[in-house]
There are 2 protein chains.
Amino acid sequence: MPLEMSPASTEHWLEVLEAQGYRLTAPRRVVVEVIAQTDRALSPLAVFDIARIRYPQLGLTTVYRTLEKLEALGLVQLVHQANGCHTYIAAPAGHQHLLICEYCGRTLFFGGDDLGSLIDQIERESGYRVHEHLLQLTGTCPGCHTD
Amino acid sequence: MPLEMSPASTEHWLEVLEAQGYRLTAPRRVVVEVIAQTDRALSPLAVFDIARIRYPQLGLTTVYRTLEKLEALGLVQLVHQANGCHTYIAAPAGHQHLLICEYCGRTLFFGGDDLGSLIDQIERESGYRVHEHLLQLTGTCPGCHTD
DNA sequence: CATGTATTGAAAATGATTATCACTATCACA
DNA sequence: TGTGATAGTGATAATCATTTTCAATACATG
Ligand SMILES: [Mn+2]
Ligand SMILES: [Mn+2]
Ligand SMILES: [Zn+2]
Ligand SMILES: [Zn+2]
């Protein structure tokens, strides 16, 4: 079943970073706060612009570097955009897929397991082994369609 | 069920381009040939390099412009790469999804209808209307795994 | 405090894609 | 068959996102 975005995982993310041996610096904290507390996919530049309000010295380079670490740790996940540029969004626990409202940007996750039987079938018929998959749905959320 | 790549749709593609009012010029022909006859996803630059062998005056700009038209007509489809850059591959008739071998690049298509029941379920549970979806599977083809 | 290491951000470099523009090829039709 | 209108081309320049470099700073540890 689809999941709502969970709020404010900031503290948890900082713990994970610390457990990895990373220092909890001011610029990292602010980047983590922004992306952990937003329920929309954000480009690195958008993260930068928001984070800079609280921490004006912040560099865009640090935003890229922090997002890279968070993605490697599975705390954020990449969202593919038609134009080629990628955005990032806070990821729920485990591998999940996205359903994005094309009007308001509201985002819902649903479990990767829902794909299991489809993938099993494709493996049987093709002889391939499936290791990874990318699935993103786009549409309109309940608030953005009236019919 | 998964489909093998169909060969040499070159003539058909040229007809479609012509039917759209586009002229069948030498540079367009060579770009169409390259992408229509390859069963792997190619970057614009890769298309350029291959096409240039037959038509050295070709400009990279024209490759981008031709791929853009072919994609708009549904003749090629975009393949998302982890690094952000996109590649293109000849698309079978109708909306299809990709299964790509991570070792040899061999590519299989499977139909969008296979996703129908999953999408129905997600629509019911979420209240969203799903308009588009992006699905790509990655794994190993029969020739690239021995077990 | 002293020292080694991680982190930072400005600036430059890179790489992909797109926009410009002068030129050419092709088409419609007189 | 000319001829003007239009589509198409490719070299070049511009743009945009991302990565690299590097000197300076912050932090941890003894
Ligand atoms: Mn992508
Ligand atoms: Mn589909
Ligand atoms: Zn919405
Ligand atoms: Zn293979």
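Letters A, B, ... are given to chains in the order of the sequence lines, protein chains preceding strands, and every chain is numbered from 1. All values below were derived from every heavy atom in this structure, side-chain atoms included, with hydrogens, water molecules and symmetry-related copies excluded.
As rounded to whole Å, 10 Å separates atom P of C/dT8 from atom CG of A/Leu17. Following rounding to the nearest Å, A/Leu24 (CG) and D/dA26 (C1') show an atom-to-atom distance of 14 Å. The nearest whole Å value for the distance from the CZ atom in B/Arg29 to the P atom in C/dT26 is 10 Å. If you take NZ of B/Lys69 and P of C/dT18, they are 12 Å apart, rounded to a whole angstrom. Distance, B/Tyr22 OH to C/dT26 C1': 17 Å, rounded to whole Å. Atom-to-atom, CZ of A/Arg28 to P of C/dG9 comes out at 10 Å; the value is rounded to the nearest Å. Here the P atom of nucleotide D/dA17 and the NE2 atom of A/His86 are 13 Å apart, to the nearest Å. For the pair B/Glu68 CD and C/dT17 P, the computed distance is 12 Å after rounding to whole Å.
Judged by distance alone, with hydrogens and angles left aside, the side-chain atoms of B/Arg40 form a donor-acceptor pair with the main-chain N or O of B/Cys104 at under 3.5 Å. Between the B/Thr87 side chain and the B/Cys85 main chain, no donor and acceptor come within less than 3.5 Å of each other.
When distances are taken from the side chain of A/Tyr64 to each of D/dA17, D/dG10, C/dG9, the shortest belongs to D/dA17. Distance from the side chain of B/Pro44 is smallest to C/dT17 among C/dG9, D/dT18, C/dT17. The listed nucleotides are D/dA17, C/dC27, C/dG9; the one nearest the side chain of A/Cys85 is D/dA17. Out of C/dT7, D/dG8, D/dG10, the shortest distance to the side chain of B/Thr61 is found at D/dG10.
Between A/Tyr55 and B/Ser43, it is A/Tyr55 whose nearest contact on DNA chain C lies nearer the 5' terminus. Residues A/Thr25 and B/Pro56 both approach DNA chain D. Their nearest nucleotides, taken by heavy-atom distance, put B/Pro56 toward the 5′ side. Between B/Arg23 and B/Thr62, the residue anchored closer to the 5' end of DNA chain D is B/Arg23, taking for each the nucleotide with the nearest heavy atom.
Aromatic pair B/His97/B/His95: ring centres closer than 6.0 Å.
From A/Leu42, atom CG reaches atom CZ of A/Phe48 across 14.0 Å, with rounding to the nearest 0.5 Å.
Contact between the side-chain N/O atoms of A/Arg65 and the OP1/OP2 oxygens of C/dG9 is not found at any separation under 4.0 Å.
Residue B/Leu58 is classed as a sugar-phosphate contact, given heavy-atom separations below 4.0 Å to backbone atoms only.
Between A/Glu71 and A/Tyr88, the shortest heavy-atom contact is OE1-CE2, 4.2 Å.
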